[in-house]
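Have a look at the structure below, then the notes.
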Amino acid sequence: MELSKNYTPSQVEDKWYQHWIDKKYFISQPDGRPAFTVVIPPPNVTGVLHMGHTLNETVQDILVRKARMNGYNACWVPGSDHASIATEARVVNMLKEQGIDKASLTREEFLNYAFEWKDKYGGIIYSQIRKLGCSVDWDRVTFTMDDHYYKAVIKVFIDLYDKGLIYRGARMINWDPKAKTALSDEEVEYKELQGTLYHVRYPLYDPAGAATGEYITIATQRPETIMGDTAICVNPSDERYAHLKGFTASVPLVNRSVPIIFDEYVDPAFGTGALKVTPAHDINDYNLGLKHNLPIVDTLNDDGTLSAAAGFAVGVDRFKARKMVVEELRKQGLLVGEETYATRLGYSQRNPDTVVEPRISTQWFLKMQELAGPALTAVDSGDIKIHPGDRFLATYRYWLENVKDWCISRQLWWGQQIPAFYAPDGTFAVAATAEEAAARLGLPVTGLRQDPDVLDTWFSSWLWPIEVFNGITQPGNADIKYYYPTSVLVTGQDIIFFWVARMIMAGMEYEHQKPFNDVYFTGMVRDKQGRKMSKSLGNSPDLLDLIDRYGADSVRFGIMIAAPAGNDLLFDEASLEQGRFFNNKIWNALKLVKGWEARQTGSSAEEPFAVRWFDQRLREVRSELESQFADFRLSEALKTLYSLIWDDFCSWYLEWVKPGYEQPISSSVYQTTVHFFERLMELLHPFMPFLTEEIYHLLHPRGEGDDLCILQWAPVQSTDPAILGQGAFLKNAISAIRDARNKQQVKPKDLIRLWVQGSAHLDEILPLLQKQTGSEYVYLNIEPEAGAVSVVVGTTVFSLKAPHTLDTGLQREQLQKDLDYQRRFLDSVEKKLGNRFFVSNARPDVVELERKKQADALAKIKTLEENLQALE
RNA sequence: GGAUCUUUAGCUCAGUUGGUUAGAGCGCUUCCUUGACAUGGAAGAGGUCGUUGGUUCGAAUCCAAUAGGAUCCACCA
């Protein structure tokens, strides 16, 4: 069969993925083998996979494929998240573009549109996962709004409510005025920016209510909330304001009379030392208000415009209102100063342009403290191991120890609707159905109204490792017993609180067991300038386009080779190109081997050195890989394989066994070479599944079911350091002689004569040395001819002569340089050995090593000196 | 304000319990195209491991301080 010049992934990848699917290799059912379970971090259903996903999915696939080849029953569950707020926002936008206002739709109509949208776009991520080669069990696809999953979320809500962990109440929460919903604390992202601090003066009145003609000046960033002020607060120890006890101030624009109150909370050194208190719109003010029993005046609507209660700029957006208020204050002479001020504002995670508004609102909350305890222990005790180790432990612990109650209700429609039913009088019952609620309340069903809100997306995804196996809806079923706890969770460090910590809580609460043994955090993928990938920067590449241009294996290679565990990685298409070159290298090695004509030679009593050496290298790497995988050092594992294949196999081994032009190769060497090639493909398969499967099949005709994908790795075998050392020496010697040829400007085609003088056992490597250095003759332990040029490797001297006269001056220079270096080295070693503390304190093997270094250096110096002398 | 991470070759990074002459990829330099591959081959140059102290026989590695970079957390308007 004619093999093409270069490897073309597109023709290969789809074919093999379909084959694996047809063979049901990715489908898992409980059996007698140990399980290796991974649940995919479900991407947003309407999203596309970005480079962060690509990294995560690749890591998972590597782990899963390796486990599958190591005797495990590998099960990787794919799925997607309904992503309540993100999806709803997109559906609302889509409707707006069609001229439909969400407010004009009923809940049912809206949900119909949303499901339509989900069906239309939800498939994209799955096709991307497929294209990337992920070996997921497609029979287990789970969506967080699937029937059973929906029921599980409701069941858990009711359970936690019955346990007294969920409650409903009015609290200060974070409000997203664009999405018009409450958010959890975690969904608020703070950004530093320059703000303005306005100094505003309020007229003062004495305890009798008479105008004093004096003013108190406060400092505020948010003048538009002035109309919600219900007090002015100063520090009780602040002498500037001590005389104001019992006084009141008049709030500008609305002329509301508010008390001057005293509280240690106020920092006299900040601003003017006087604080306006707006309990409805600031968490600190809210707390002050509770303490001092202040009234609450809510001056904002849910869309961020000023409400009727403001009495000024009513209906105007808060930022525009701010300008109007400032203008008005200035006009009235009450604005007495402005200063720029570095501040922090909270933005909505899902609407990154929207400033979150602290607001008092009646919401549902989950008490976190009780759930946090077991989740903390699970990680602290080492039961769950986090990789990379200690880095996230402190963060995790701090969050759990200081965790606040979780606001779980959202004023949205896309999601699991809260199972609370209200009677007309406002009393309510929490139950799975209206009927049950009615029974609990002792009221007719007809009058009940279900809470319109839905639950936070994370309130469903925290059940993911359990409910993908129906562990909530069918507790104790065969799947959950077999697959839970899962083996490893691979995810981004950015969702450690949103998801990881909460999954551990849910796991401990509902399965009384950790949800996973290991957590592997990948870093964030940035562009090569180190910037975050974002749509607005246009630096976020399209995965399918990359796969089109490079092939999935190259994409996987490119992202893995650059991905140190836990550290951010700078994504550069150059590394994908490197992956493509690697594909091509392997492809051409295949072409070389396939081009050989194998012939029975009969006389092969012993395996050639090249074969014995490469066998040892394979064993060595096989065991290195094992420890790298155990520590999740995947990019290192890939580098190890890259170098094994490119350098040791292609550059050394294949060149060593390669027959002369149009010469046959011994059939035993040929078969061993094919065998080596298969082992290499086997080890590389988890990283680059398509190419390796293709090569595996091209190397040798395969029977039914003989696929690399399900091949089992051979066990780790011990290595022979003598052969490995011999191989390393041979490589060094070849390089040194080639270097000498280069420096002496010997043409590649010119043959040299080579003298070898040394004590090492050189017989078996001599033929390889001759072949690889372009030597016509090799003389062993014979005095070289005059005019030969020497190089020293270890204590072996290689001398060469070429057709043209060689420059011994150049050689002398080189030998002298070498000698100087060795003398300096010997110096440092002898200094060490001359130190009696070293000899008495260091480990004996270390001292022994130094002695050997000393002996080697002495021998080498002697050889160098002799050679230099011979040149005189 | 608290905490964590990070600083090693021009660039991006390895360097696992302290112990060969600190490694890789990319980039760079020189040479090489009719026999697997120029998406290639052969070879080479390039680092006093941020700085300063300390512990030690011995420090890129451990400790302290300091400087630069990054991230997370926190209710000073």
Side-chain angles (χ1 to χ4, degrees), chain A residues 3 5-7 172 190 197 218-222 233 265-267 269-272 274-278 282-288 341 343-344 358 388 390-395 398-399 402 493-494 496-497 524 528 530 561-564 566-570 572 574-575 577-578 580-596 627-628 631 633 635-636 639-640 642-643 650-651 654-655 658 661-662 734-736 738-743 745 747-749 821-822 824-825 828-829 832-833 835-843 845-847 849-850 852-853 856-857:
Chain A
L3 296 173
K5 187 169 182 317
N6 294 319
Y7 175 63
M172 173 115 350
Y190 291 91
L197 204 53
I218 58 91
T220 179
Q221 302 188 66
R222 301 203 57 192
C233 188
Y265 168 77
V266 177
D267 175 4
F270 187 90
T272 60
L275 171 72
K276 77 185 201 60
V277 185
T278 322
D282 185 281
I283 180 68
N284 303 305
D285 293 12
Y286 177 70
N287 290 333
L288 270 177
Y341 173 65
T343 187
R344 247 167 44 109
D390 39 307
R391 191 173 316 175
F392 299 106
L393 214 71
T395 320
Y398 184 87
W399 188 76
N402 297 281
Q493 49 202 305
D494 49 328
I496 184 166
F497 308 134
M524 187 186 289
K528 66 176 170 184
I561 203 77
N567 281 343
D568 289 356
L569 79 90
L570 304 188
D572 185 349
S575 64
E577 199 173 34
Q578 196 191 340
R580 193 172 56 188
F581 295 170
F582 188 37
N583 280 332
N584 198 52
K585 185 71 185 178
I586 296 171
W587 180 254
N588 276 286
L590 174 78
K591 277 178 65 183
L592 174 68
V593 172
K594 293 301 281 184
W596 287 343
S627 78
Q628 286 161 338
D631 299 339
R633 281 153 35 212
S635 79
E636 240 181 282
K639 280 174 188 165
T640 302
Y642 178 79
S643 156
C650 294
S651 296
L654 288 180
E655 293 298 332
K658 186 195 240 176
Y661 184 53
E662 291 191 333
I734 292 170
S735 294
R738 284 173 174 168
D739 184 32
R741 287 184 56 125
N742 260 347
K743 289 206 168 95
Q745 297 182 314
K747 297 231 159 51
K749 278 181 197 157
Y821 181 85
Q822 288 299 327
R824 277 201 308 273
F825 177 58
S828 77
V829 172
K832 223 185 248 188
L833 284 167
N835 183 335
R836 64 193 165 89
F837 295 107
F838 171 71
V839 179
S840 59
N841 291 358
R843 281 203 321 268
D845 59 306
V846 174
V847 178
L849 197 63
E850 290 300 314
K852 185 173 181 307
K853 274 155 64 175
D856 288 351

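Computed over heavy atoms, backbone and side chain alike; hydrogens, waters and symmetry mates excluded. In the text below, chain A, chain B and the rest are named by the order of the sequence lines, each starting its count at 1.
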Counting any heavy atom closer than 4.0 Å, what does [X] reach on the DNA or RNA strands: base, sugar-phosphate only, or nothing?
| X | answer |
| --- | --- |
| A:Q822 | base |
| A:C650 | base |
| A:Y7 | nothing |
| A:V593 | nothing |
| A:K594 | nothing |
| A:K585 | base |
| A:I283 | sugar-phosphate |
| A:S651 | sugar-phosphate |
| A:A574 | nothing |
| A:N6 | base |
| A:S735 | sugar-phosphate |

For the backbone of [Y] and the side chain of [X], can you confirm whether one donor and one acceptor N or O come within less than 3.5 Å of each other?
| X | Y | value |
| --- | --- | --- |
| A:D631 | A:R633 | no |
| A:N402 | A:Y398 | yes |
| A:T640 | A:E636 | yes |
| A:N584 | A:N6 | no |
| A:D739 | A:S735 | no |

Atom [atom1] of [X] to atom [atom2] of [N]: distance rounded to whole Å?
| X | N | atom1 | atom2 | value |
| --- | --- | --- | --- | --- |
| A:Y286 | B:C75 | OH | P | 15 Å |
| A:E636 | B:G23 | CD | P | 15 Å |
| A:D568 | B:U6 | CG | P | 12 Å |
| A:L393 | B:A3 | CG | P | 16 Å |
| A:Y190 | B:U71 | OH | C1' | 17 Å |
| A:R741 | B:G41 | CZ | P | 18 Å |
| A:K852 | B:G19 | NZ | P | 19 Å |
| A:L569 | B:G25 | CG | C1' | 14 Å |

- Flag yes if more than 12 heavy atoms outside A:K528 fall under 6.0 Å of its NZ atom; otherwise flag no. no

Residue [X], side-chain atoms from C-beta onward, closest of [options]:
| X | options | answer |
| --- | --- | --- |
| A:Y642 | B:A77, B:G40, B:G25 | B:G25 |
| A:L570 | B:U20, B:C13, B:C26 | B:C13 |
| A:F837 | B:C76, B:C37, B:C57 | B:C57 |
| A:F825 | B:A38, B:C57, B:U20 | B:U20 |
| A:D267 | B:G41, B:C76, B:A43 | B:C76 |
| A:R344 | B:C73, B:A74, B:A77 | B:A74 |
| A:N742 | B:C73, B:A77, B:A42 | B:A42 |
| A:R633 | B:U20, B:C37, B:U16 | B:U16 |
| A:N284 | B:C75, B:C76, B:A36 | B:C75 |
| A:Q578 | B:G19, B:C13, B:G25 | B:G25 |

Which value, in whole Å, describes the distance between the [atom1] atoms of nucleotides [N] and [M]?
| N | M | atom1 | answer |
| --- | --- | --- | --- |
| B:A70 | B:C13 | P | 14 Å |
| B:U52 | B:U61 | P | 13 Å |
| B:G58 | B:G19 | P | 14 Å |
| B:U66 | B:G44 | C1' | 39 Å |
| B:A38 | B:A42 | C1' | 13 Å |
| B:G18 | B:G25 | C1' | 28 Å |
| B:A14 | B:A9 | C1' | 13 Å |
| B:G35 | B:G40 | P | 16 Å |

- Message: At less than 4.0 Å, is any side-chain N or O atom of A:N835 found next to OP1 or OP2 of B:C57? Yes or no.
- Response: no

- Inter-residue atom distance A:T272.OG1 - A:L197.CG, 0.5 Å rounding: 8.5 Å

- Note on the structure: Rounded to the nearest 0.5 Å, the CG atom of A:D845 sits from the CD atom of A:E850 at a distance of 11.0 Å

- Task: Tell me, please, which residues at least two apart from A:Y190 pass ring-ring contact (aromatic ring centres under 6.0 Å, His included).
- Result: none

- Using ring-ring contact (aromatic ring centres under 6.0 Å, His included) as the criterion, list what pairs up with A:F270, not counting sequence neighbours. A:Y341

- According to a 3.5 Å limit on both distances, what stems of 3 or more consecutive Watson-Crick or G-U pairs are formed with RNA chain B? B:1-7 with B:67-73, B:10-13 with B:23-26, B:28-32 with B:40-44, B:50-54 with B:62-66

- Item | Polar side-chain contact A:Q628-B:A14 base: donor and acceptor under 3.5 Å | no

- Message: Base of B:C37, side chain of A:K591 - is there a donor-acceptor contact under 3.5 Å?
- Response: no

- Task: Would you indicate whether the side-chain heavy atoms of A:W596 and A:K658 approach each other to under 4.5 Å?
- Result: yes

